[in-house]
Amino acid sequence: MHQTTRLILSTVAISLLVSALLSWFITKGITAPFQSMIKGMQQVSLGELTQRPNLDKESPEIRHGGLNGCSYFRLSPYEK
């Protein structure tokens with residue numbers, strides 16, 4: 001019986017550790033783009049209008065304009 005209790009407690013401890021790590025990675029994945037956006041918005045509010053967003057890690061919908069193919073971040077033919 002003592003061995004069963006030890007097994008249950010160690011399983012619970014490992015499960016808590018794994019769930020804490022998993023939730024940390026999920027939280028970082030969700031909040032990192034927002035932190036980047038906030039940093040860019042702060043630069044714009046200070047008058048820095050030449051900064052371009054880094055969309056390399058974003059999905060194709062975000063990188064290439066989302067709905068209807070319109071994008072504010074796509075370079076015009078004159079800017080290439």
Side-chain angles (χ1 to χ4, degrees):
M1 181 141 159
H2 183 64
Q3 187 177 6
T4 306
T5 304
R6 185 179 299 175
L7 178 65
I8 291 171
L9 289 177
S10 63
T11 303
V12 168
I14 290 171
S15 298
L16 286 173
L17 179 64
V18 168
S19 65
L21 287 172
L22 186 61
S23 64
W24 183 77
F25 281 116
I26 290 171
T27 302
K28 290 298 272 183
I30 292 172
T31 59
F34 287 112
Q35 294 296 327
S36 175
M37 181 179 64
I38 289 169
K39 182 180 176 185
M41 290 170 59
Q42 288 172 339
Q43 292 294 321
V44 169
S45 72
L46 294 173
E48 176 63 42
L49 302 178
T50 61
Q51 183 172 340
R52 309 271 306 164
N54 183 7
L55 302 175
D56 293 336
K57 295 181 181 179
E58 301 302 326
S59 67
E61 292 86 7
I62 302 284
R63 281 189 306 225
H64 300 299
L67 299 174
N68 299 326
C70 61
S71 174
Y72 295 108
F73 304 120
R74 188 179 301 146
L75 293 174
S76 72
Y78 304 108
E79 295 181 73
K80 292 180 181 178

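What you see is a predicted model; the values in this text were computed from it and never measured.
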Donor-acceptor list for residues 38-48 side chains, cut-off 3.5 Å, not counting sequence neighbours:
| unit_1 | atom_1 | unit_2 | atom_2 | d |
| --- | --- | --- | --- | --- |
| S45 | OG | Q42 | O | 2.7 |
| E48 | OE2 | T50 | OG1 | 2.2 |

Subject >> Set of side chain to side chain contact (heavy atoms under 4.5 Å, CB included) partners for F25, sequence neighbours left out >> reply: none
Original post:
Same cluster for I26 and V18 if Ile/Leu/Val/Met/Phe/Trp/Tyr side chains link at under 4.5 Å?
Top reply: no
Original post:
Pairs in or reaching into residues 16-31: which pass side-chain hydrogen bond (donor to acceptor under 3.5 Å, both in side chains), with residues at least two apart or in two chains?
Top reply: none
Let me check something: any side-chain donor-acceptor pairs from residues 8-16 under 3.5 Å, sequence neighbours excluded? List them with distances.
| unit_1 | atom_1 | unit_2 | atom_2 | d |
| --- | --- | --- | --- | --- |
| S10 | OG | R6 | O | 3.1 |
| S10 | OG | L7 | O | 2.9 |
| T11 | OG1 | L7 | O | 2.7 |
| S15 | OG | T11 | O | 2.8 |

